[in-house]
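The structure appears right after this line, and notes come after that.
Along the sequence shown, residues carry numbers from 1. Just so it is clear, the values below take in all heavy atoms, side chains as well, and ignore hydrogens, waters and symmetry mates.
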Amino acid sequence: MEDDVEMAAADNQAAVEMDEMKKRLKEMEDESAALLEMQAKVEKEMGSVQDPAAAAATQANREEVDGRSVFVGNVDYSCTPEEVQQHFQACGTVNRVTIRTNKFGQPKGYAYVEFLEAEAVQDALLLNESELHGRQIKVSAKRTNVPGMKQFRARRPNPYTGFRSQTPFMPASYFFSPYGYGKVPRARAPMRYSPYF
């Protein structure tokens, strides 16, 4: 009889634990659903969720703007956007001049000029190798970057290592003995031929 009472108590305790686990699981599912809802709301506010039609329209708009723009290279670092605009004013109406800068705000030496009409690009290309601020500038049509299409650049050989393997030279590492006997060189792999010895 006592065994039946103990088994009934154990069954009750197991049922209570199972109910508690179900409650916790339900709370976790509700919390997960709330987090997903908040994430969707934030993405919608930030505009990161775009439908493919909107992305295609954005790409088409970017290509249209790039069709009205030129790349200007070898721009003097002290040159201002107003001076670049005056230089290209004869080609057509300049909509925007962008001089690219690095993270410290220093000019990188090139600029983009956007015109209102696409015909002005052909006139601007005639200003290639003209002089602006005492420097001969390079003018070319602006190309449209395609996301995910990075140009492959082959690695140039290092003149210090020649055409051998690219494994770096590693000098012997030393460790100090805990018994005070001085430096003891560690064992290392067999050395290859190196011109530095």
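Leu127 and Val139 get closest at one heavy-atom pair: O-CG2, 3.9 Å. Between Cys79 and Leu132 the shortest heavy-atom distance is SG-CD2, 4.0 Å.
Between Asn61 and Glu64, some side-chain heavy-atom pair lies under the 4.5 Å cut-off. Here the side chains of Lys138 and Asn128 are in contact, with some heavy-atom distance below 4.5 Å. Contact of the His133 side chain with the Glu83 side chain is registered, since non-hydrogen atoms from C-beta on lie closer than 4.5 Å. With contacts defined as side-chain heavy-atom distances shorter than 4.5 Å, the pair Val70/Val72 qualifies.
By the 4.5 Å side-chain criterion applied to Ile, Leu, Val, Met, Phe, Trp and Tyr, Val16 is assigned to no cluster and stands alone.
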Let me see the working for Glu129 and Gln136 under side-chain contact (heavy atoms from CB on, under 4.5 Å), right down to the final yes or no. CA-CA 5 Å; Glu129 297 183 359; Gln136 191 175 15; 3.2 Å; yes
Please assess Ser69 against Val121 for the test side-chain contact (heavy atoms from CB on, under 4.5 Å), listing each intermediate value before the final yes or no. CA-CA 6 Å; Ser69 302; Val121 172; over 6 Å; no
Going by atom type alone, with no hydrogens or angles, which donor-acceptor pairs under 3.5 Å involve a side-chain atom of residues 26-34 and a protein atom two or more places apart or on another chain?
residue, atom, partner, partner atom, Å
Lys26, NZ, Asp30, OD1, 3.4

Output side-chain donor-acceptor pairs under 3.5 Å for residues 87-110, partner residues at least two apart or in another chain, one line each.
residue, atom, partner, partner atom, Å
His87, NE2, Ser130, OG, 3.0
Asn95, ND2, Glu114, OE2, 2.8
Asn102, OD1, Phe104, N, 3.0
Asn102, OD1, Gly105, N, 3.1
Asn102, OD1, Gln106, N, 2.9

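Here the side chain of Arg68 pairs no donor or acceptor atom with the backbone of Glu117 at under 3.5 angstrom.
Val84 and Leu125 end up in the same hydrophobic cluster when Ile, Leu, Val, Met, Phe, Trp and Tyr side chains are linked at under 4.5 Å.
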